[in-house]
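Quick caveat, the model's predicted, so the values are computed rather than measured. The analysis underlying the following values was restricted to heavy atoms, covering all of them including side chains, and did not include hydrogens, waters or symmetry mates.
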Amino acid sequence: MYLQYLLIFLRAERSGALGPGAGAALYFVLCQDENKCLNKMVAPTAKKTVMVLESNPATTTKIQSFLGALTVSSFIVIWLSSAASPLILFISLRGEHYKTAAFILLITIIAYLPWKRGPISRCVQSFIDQNHPKYYDGVSIVFEGGEVPPSEHRQTFFAVHPHGAFCIGWALLFTCPTMHGVRFCFAPTLFASPFFRLFSRAVGKPGSAARPSMNSYLKNGEDCALPPGGFEEATLTSTSQDRVFIKKRYGFVRLCLKYGVAIRPVYVFGEGKLFSNVQGFWRNRLALNRFGIPTIVVWGRWFFPLLPKKGVKIHIVVGKPIILPKIENPTKEEVATWHNKYIGELKRIYDEYKEVAYGSDKGKVAKVEVW
């Protein structure tokens with residue numbers, strides 16, 4: 001009604017029936033009367049998604065591409081060497097290579113000291129954030145909801161799929177400025193290893209995915225991120241078929257219900273196309289995964305198998321929040337109900353954005369298998 005009055009007065013002012021400025025004066029009066037500005041009432045609907053990162057391959061130089069390759073290969077090498085660090089230390093001591101053993105012990109001490117991130121850490125993080133996306137055939141990260149960060153913050157759990165061979169999409173999110181306040185939770189054995197612990201502390205806000213640690217983070221009101229599919233989802237990686245392993249992953253939903261934390265499903269389109277992986281023997285391989293044994297046999301570039309394949313576009317969609325109630329001791333039925341809602345929302349994201357990520361032809365026929 002107020003808007004109609006304002007339009008009538010503006011037309012009358014334009015025709016000369018009212019003195020100049022009368023319409024503006026009425027606008028001011030109406031705003032004061034309603035205790036809010038009228039333009040908020042007629043503001044256009046917020047965008048469905050907000051782009052927080054976009055890398056255009058057409059403007060990427062060869063030097064930037066090289067630095068991107070250096071960044072991603074360093075990430076993967078540190079990941080793998082960290083897993084082997086206890087063995088390296090044992091061999092060094094056994095072979096009397098004391099300098100190597102001393103270096104590993106020094107890195108271990110630094111990795112576990114309670115230091116805070118400073119200028120050096122921020123420079124490393126900025127270098128990775130600027131150069132890592134340049135390696136791929138385009139990287140984009142979008143958030144549903146139209147406002148990043150939201151005006152009213154709600155504690156959030158980011159569940160990222162698929163895991164892929166080396167969590168490349170996860171790594172891109174880890175250093176993304178929009179996600180700097182989120183604690184990214186890694187496998188306990190990986191986070192405990194000195195090389196990776198030091199590296200991850202230097203470039204972001206890492207944590208352990210162990211249940212006691214997750215409980216502590218959420219209890220303290222922190223935002224967290226986790227790839228719930230774990231080793232099983234990595235095992236299922238395929239360049240020709242998108243897959244997620246989520247049907248038996250109830251733990252993160254139970255935790256979010258316990259603390260009343262919203263869940264945002266995240267899907268990384270293109271993750272599975274970065275590395276080839278041996279297919280088949282699923283039952284045996286998934287059985288080994290339950291004991292914490294990875295069973296991927298992957299390769300990327302022919303001259304350096306640990307480097308992701310070129311020509312892959314990565315499109316990351318952070319879905320809108322699923323608002324969960326706070327239930328301190330949720331029943332199995334309550335956990336299952338919200339778990340099913342989560343799977344439904346994850347499938348919606350895939351179906352809604354697959355053509356944007358893969359193109360109309362490939363996107364129309366693309367499907368995600370839910371294991």
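Taking 4.0 Å as the cut-off between side-chain N and carboxylate O, E144 and R348 count as a salt-bridged pair. No salt bridge links R285 with E232; every basic N to acidic carboxylate O contact stays at or beyond 4.0 Å.
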Pair up each side-chain donor or acceptor in residues 297-306 with any protein partner under 3.5 Å, not counting sequence neighbours, and list the distances.
{"residue": "R301", "atom": "NH1", "partner": "Y135", "partner atom": "OH", "Å": "3.1"}

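Annotation: cation-pi geometry satisfied between K273 and Y358 (NZ/CZ under 6.0 angstrom from ring centroid, within 45° of ring axis). Cation-pi geometry between R254 and W338 is not satisfied (NZ or CZ under 6.0 Å from the ring centre, within 45° of the ring normal).
Residues Q125 and S121 have side chains that never bring a donor and an acceptor to within less than 3.5 angstrom of each other. Side-chain contact of K309 with S276: a donor-acceptor pair under 3.5 Å is present, judged by distance alone.
Residues that satisfy the side chain to side chain donor-acceptor pair (under 3.5 Å) test with N289, not counting sequence neighbours, are T235, T295.
Ring geometry for H315 versus Y353: interplanar angle of 30 to 60°, hence tilted.
Here the straight-line distance linking atom NZ of K258 with atom CD of E328 works out to 7.0 Å at 0.5 Å rounding. Taking CZ of F195 as the start and CD1 of I88 as the end, the distance is 6.0 Å to the nearest 0.5 Å.
Taking the centre of each ring, F157 and F252 come in below the 6.0 Å mark.
The backbone N or O of D223 lies less than 3.5 Å from no partner atom in the side chain of Q155, so there is not a single donor-acceptor pair.
Annotation: side chain of T71 is not in contact with side chain of F75 (no heavy-atom distance under 4.5 Å).
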